[in-house]
Amino acid sequence: MVRSWDAAVGRAQDRLAAGVRLRAAADGEERRFALWDLASLAEGELGEVVDPDALAPRAERAWRERLGESGREWPGGELYRRRYWILDERGAVAGTIAVDNWTRGPSQLAVSSLYLRPRSRGHGLAAAALDEVYAAATAEGLPGFRLEAHWSWQPAVRYYLRRGLWVVGWKRSLSFARMPQLPLHRVREEDGRLLLLVADRQRGWVPILAAGQEGRWLRLDETADYRGCDGWVHEYARSTLALYLALAGRPLVRGPQWWAEAWRWADAGEPEGLAARIEEFERAARTRASRTVVGPYRAVALPEPALPEPAPPASPQLADSGDG
């Protein structure tokens with residue numbers, strides 16, 4: 001039994017440092033790690049690829065000015081997390097990942113700064129790093145990990161869904177989690193509908209939600225298996241399918257009456273809440289980075305519902321900007 005979450009996090013960090021896929025950032029490597037974070041932000045927010053090890057001070061200042069608040073350096077900000085280099089098969093640095101020194105959500109490890117330089121992508125390195133974090137967390141009795149990604153960072157968002165992470169919220173940005181209580185899931189298109197399926201040991205892939213379209217509106221249907229599924233799956237299935245729908249350019253709103261109550265799901269839950277948040281996310285991205293978000297979702301032509309103002313993000317290092 002875990003008697004102290006803080007102690008469990010410390011032991012999980014020690015497991016990560018002792019592994020072969022990651023190397024803990026040493027004293028004196030803070031500046032290099034910060035430049036890799038900057039490269040991740042430049043690609044994620046501005047869509048421009050930067051070689052982090054070729055950034056001269058003058059170029060670094062220019063990128064930080066373009067990024068504004070999210071490009072700020074945070075003196076002493078590394079005290080709350082431990083940083084790791086992701087290593088390739090030759091043992092060379094290929095990317096970064098960081099893990100907080102305390103938990104989030106239901107006592108999960110909090111992951112940030114997941115980034116691979118472009119030439120190192122496509123070899124499973126990011127996936128292996130996330131597997132290492134998950135294994136370390138569960139070995140110490142912690143329920144997996146959680147990470148965040150901006151909606152505007154489309155490659156990262158799609159990557160996390162491909163990795164089977166569940167969508168657990170969208171208050172500040174999109175929140176993803178991998179937990180022992182949540183089975184593998186996938187989405188399949190069938191007769192014009194998107195089906196969310198979960199893995200069952202006896203029955204294989206079982207559909208629990210089906211999303212179709214009636215005119216310009218969403219139709220969301222539950223199966224008997226959904227109504228009888230575990231509480232964790234029941235809670236996060238609708239949020240997860242909502243993000244799949246948004247990425248497929250499908251409707252998220254079931255009608256004016258649902259749209260008028262989107263505020264009820266400002267943090268997570270029904271797809272109307274995500275629809276309203278996406279409008280806010282894209283408006284903020286245009287203001288912050290003067291960048292048009294190339295997202296597939298198209299908003300409904302209805303008055304905007306009032307949503308609670310999301311709190312500012314705790315850290316600018318949110319997600320990776322490429323596949324791994």
Side-chain angles (χ1 to χ4, degrees), residues 1-30 32-34 36-37 40 74 76-89 91 93-116 124-149 156 159-160 162-169 172-185 230 232 235-236 313-320 324:
M1 176 180 293
V2 175
R3 289 184 289 181
S4 167
W5 293 126
D6 290 342
V9 172
R11 293 193 298 271
Q13 297 275 27
D14 292 341
R15 286 179 178 273
L16 292 173
V20 297
R21 299 180 185 277
L22 305 178
R23 176 175 70 79
D27 292 340
E29 291 187 307
E30 296 86 357
R32 188 186 183 194
F33 201 97
W36 282 64
D37 268 343
S40 177
W74 298 82
E78 303 305 332
L79 297 177
Y80 72 88
R81 63 181 190 163
R82 288 178 66 174
R83 299 151 299 159
Y84 302 91
W85 299 107
I86 298 174
L87 307 179
D88 64 18
E89 63 280 356
V93 169
T96 59
I97 190 170
V99 177
D100 284 8
N101 290 321
W102 52 79
T103 60
R104 291 188 189 174
S107 301
Q108 297 163 311
L109 290 183
V111 174
S112 60
S113 293
L114 178 59
Y115 171 76
L116 288 176
L125 298 176
L130 290 176
D131 287 346
E132 286 282 308
V133 174
Y134 183 74
T138 54
E140 296 300 337
L142 298 168
F145 65 78
R146 177 179 295 228
L147 55 80
E148 296 185 350
Y159 175 70
Y160 294 138
R162 288 200 304 275
R163 291 301 308 157
L165 304 188
W166 289 73
V167 179
V168 298
R172 299 181 180 89
S173 56
L174 298 171
S175 297
F176 297 85
R178 181 179 175 187
M179 303 171 61
Q181 301 93 328
L182 293 170
L184 296 174
H185 74 267
D230 176 84
W232 291 99
E235 181 175 359
Y236 296 135
S315 166
Q317 293 87 34
L318 294 174
D320 70 332

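The first residue in the sequence is number 1, and the count goes up from there.
The distance from atom CG of Leu184 to atom CZ of Arg163, rounded to the nearest 0.5 Å, is 10.0 Å. If you take OG1 on Thr96 and CG on Leu114, they are separated by 7.0 Å, rounding to the nearest 0.5 Å.
Between Gly144 and Pro180, the shortest heavy-atom distance links the atoms N-CD, 4.0 Å. Closest of all the heavy-atom pairs between Ser173 and Glu148 is OG-OE1, 3.2 Å. Scanning both residues, Met179 and Pro143, for their nearest heavy atoms gives CG-O, 3.6 Å. Contact record, Gly28 with Glu30: N-OE1, 3.0 Å, taken as the closest heavy-atom pair. Contact record, Tyr115 with Ile86: O-CD1, 4.4 Å, taken as the closest heavy-atom pair. The nearest pair of heavy atoms linking Arg146 to Gly105 is NH2-CA, 3.9 Å.
Not counting sequence neighbours, the partners of Asn101 by the side chain to side chain donor-acceptor pair (under 3.5 Å) test are Gln13. The side-chain contact (heavy atoms from CB on, under 4.5 Å) search around Asp6 returns Ser4, Trp102, not counting sequence neighbours. For Arg15, the side chain to side chain donor-acceptor pair (under 3.5 Å) criterion is met by Glu140, not counting sequence neighbours. Judged as a ring pair (Phe, Tyr, Trp, His ring centres under 6.0 Å), and not counting sequence neighbours, Trp232 has no contacts. Every residue meeting the ring pair (Phe, Tyr, Trp, His ring centres under 6.0 Å) condition with Phe33, not counting sequence neighbours, appears here in chain and number order: Trp85. For Tyr84, the ring pair (Phe, Tyr, Trp, His ring centres under 6.0 Å) test picks out no residue, with sequence neighbours left out. Residues that satisfy the side-chain contact (heavy atoms from CB on, under 4.5 Å) test with Ala94, not counting sequence neighbours, are Asp88, Leu116, Ser120, Leu125. Every residue two or more places apart in sequence or in another chain that forms a salt bridge (charged side-chain N to carboxylate O under 4.0 Å, His left out) with Glu29 is listed here: Arg23.
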Exercise for the section: May I have the step-by-step check of side-chain contact (heavy atoms from CB on, under 4.5 Å) for Phe145 and Leu130, ending in yes or no? Expected result: CA-CA 9 Å; Phe145 65 78; Leu130 290 176; 4.0 Å; yes
For Phe176 and Val167, run side-chain contact (heavy atoms from CB on, under 4.5 Å): C-alpha distance rounded to whole Å, both residues' side-chain angles, the deciding distance at 0.1 Å, then the answer.
CA-CA 5 Å; Phe176 297 85; Val167 179; 3.9 Å; yes
*Can you check side-chain contact (heavy atoms from CB on, under 4.5 Å) on Leu174 and Tyr160, steps first, answer last?*
CA-CA 10 Å; Leu174 298 171; Tyr160 294 138; over 6 Å; no
- Please test Arg83 against Ser113 for side chain to side chain donor-acceptor pair (under 3.5 Å), starting from the C-alpha separation and ending with a verdict. CA-CA 8 Å; Arg83 299 151 299 159; Ser113 293; over 6 Å; no
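Taking the side chain as every heavy atom from C-beta outward, Arg82 and Leu16 never approach each other to under 4.5 Å. Side chains of Leu87 and Val93 form a contact here, defined as non-hydrogen atoms less than 4.5 Å apart. Counting only heavy atoms from C-beta outward, the side chains of Gln108 and Thr103 never approach each other to under 4.5 Å.
Legend: side-chain hydrogen bond (donor to acceptor under 3.5 Å, both in side chains) pairs involving residues 175-185, not counting sequence neighbours, sorted by first then second residue: Asp131-Arg178, Trp166-His185, His185-Tyr244.
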